[in-house]
> 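A single structure is presented below for examination.
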Amino acid sequence: MKLATWNVNSLRVRLPQVLDWLAQVRPDILALQETKLQDPDFPAAAIADAGYQAVFAGQKTYNGVALLSRLPATEVVTDLPGLADPQRRVLGASIGALRVLNLYVPNGASLDSDKYVYKLEWLDKLHAYVAGQLQRCPLLAIVGDFNIAPEDRDVHDPKEWEGSVLVSEPERTALRRLLELGLCDTFRRFDQPEASFSWWDYRAAAFRRNRGLRIDLILASGTLCERCSACRVDKDPRRLAQPSDHTPVVAEFTDIPSAAD
DNA sequence: ATGGTGGCGCGGCCA
């Protein structure tokens with residue numbers, strides 16, 4: 001069972017890349033962030049032709065999340081309890097034996113910004129929600145663009161980034177508290193190349209110089225974590241012309257019923 | 001270097 005996450009930074013622009021990637025990698029589930037599409041504009045037909053069902057929570061210009069899957073998605077949720085938020089950043093669904101929560105965590109802008117306050121509040125509401133979900137869903141995966149680099153080894157230059165948004169201690173503490181509920185960062189269950197990142201700024205040739213951050217994560221509940229057999233960053237889509245600034249992260253699991261192949 | 005690039009949409013915001 002293959003589960004992937006990819007912040008595509010406009011599904012309208014990136015649709016050809018997404019379709020090519022689905023055909024090559026054949027994930028059972030792909031969580032997308034920053035689709036930047038209203039629901040009536042979602043390319044459901046093209047995705048159906050590729051053999052995937054889709055559920056989505058769209059928004060014009062900003063945000064927007066979707067779940068593509070071989071099996072149908074049921075019991076769909078699009079909001080965090082206790083957070084009245086017009087921004088479309090949350091998509092939870094049951095797919096086969098899994099419960100999947102697809103997140104586009106707020107960026108935060110800078111530590112003195114209202115957006116940073118909103119990010120920490122958002123993460124607090126997420127914590128409360130996930131605590132309850134872990135009681136109900138033994139096979140829970142939480143994936144997406146967390147906009148937090150968990151540790152210094154997830155940052156190309158920790159000194160340069162020290163204290164900045166995406167690496168600040170309050171954000172990392174919020175992520176650590178989430179993990180302490182009983183989740184693992186599947187990427188760190190396996191040996192990885194040094195300087196493995198999932199996002200590189202478009203500016204200043206950051207990708208060519210590998211000046212990136214690992215902020216796209218696949219978290220797994222304890223029972224699911226035991227069944228994780230691999231997790232990797234797929235840098236190939238970031239090398240294409242007109243790439244997203246993020247690249248996909250893919251995890252594989254054993255003993256999960258799958259409809260692929 | 002307080003810059004740089006990209007998406008949306010057509011001025012300025014967001015990342």
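Excluded from the calculations below are hydrogen atoms, water molecules and symmetry mates; all remaining heavy atoms, backbone and side chain alike, are included. From a predicted model like this one, the values you see are computed outputs, not experimental measurements. Naming convention: chains lettered A, B, ... in sequence-line order (proteins, then strands); numbering from 1 in each chain.
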> Which residue, A:D145 or A:A204, contacts DNA chain B at a nucleotide closer to its 5' end, judged by nearest heavy atom?
A:A204

> What is the distance from CG of A:N7 to C1' of B:dC14, rounded to the nearest Å?
12 Å

> Rounded to whole angstroms, how far apart are CG on A:N147 and C1' on B:dA15?
8 Å

> Between A:E121 and A:L83 (side chain of the first, backbone of the second, donor and acceptor by atom type, cut-off under 3.5 Å), is there such a pair?
no

> So, OP1 or OP2 of B:dC8: does either fall under 4.0 Å of a side-chain N or O from A:K60?
no

> Round to the nearest Å and state the distance from A:N107 atom CG to B:dA15 atom P.
5 Å

> Distance check: side-chain N/O of A:S10 vs OP1/OP2 of B:dC8, anything under 4.0 Å?
yes

> Between A:Y202 (OH) and B:dA15 (C1'), how many Å, whole number?
9 Å

> OP1 or OP2 of B:dG9 versus the side-chain N and O atoms of A:T61: is any pair under 4.0 Å?
yes

> Does A:C184 form a disulfide bond (SG atoms under 2.5 Å apart) with A:C228? I'd like the steps, not just the answer.
CA-CA 10 Å; A:C184 78; A:C228 187; over 6 Å; no

> For A:Y116 and B:dA15, give me the distance from atom OH to atom P, rounded to whole Å.
15 Å

> Using the P atom as the reference point in each nucleotide, state the distance between B:dG9 and B:dA15 in Å, no decimals.
15 Å

> Donor-acceptor pair, distance only, cut-off 3.5 Å: does the side chain of A:T186 make one with the backbone of A:I218?
yes

> Can you tell whether the side chains of A:D152 and A:R172 come within less than 4.0 Å, N to carboxylate O?
yes

> With a 4.0 Å cut-off on heavy atoms, is A:R14 in touch with a base, just the backbone sugar-phosphate, or nothing at all?
sugar-phosphate

> Have a look at A:Y104 and say if it touches a base, only the backbone sugar-phosphate, or nothing, with a 4.0 Å heavy-atom cut-off.
sugar-phosphate

> Quick one: does any side-chain atom of A:N102 pair with a main-chain N or O of A:L32 as donor and acceptor, under 3.5 Å?
yes

> Can you tell me, in whole Å, how much space there is between the C1' of B:dG4 and that of B:dC14?
15 Å

> Just the rounded figure in Å: distance from P of B:dT5 to CD of A:Q242.
15 Å

> For B:dG3 and B:dC13, measure between their P atoms and round to the nearest Å.
15 Å

> In this structure, how many angstroms lie between the P atom of B:dA1 and the CZ atom of A:R203, rounded?
17 Å

> Can you tell me how far P of B:dA15 sits from CG of A:L213, to the nearest Å?
15 Å

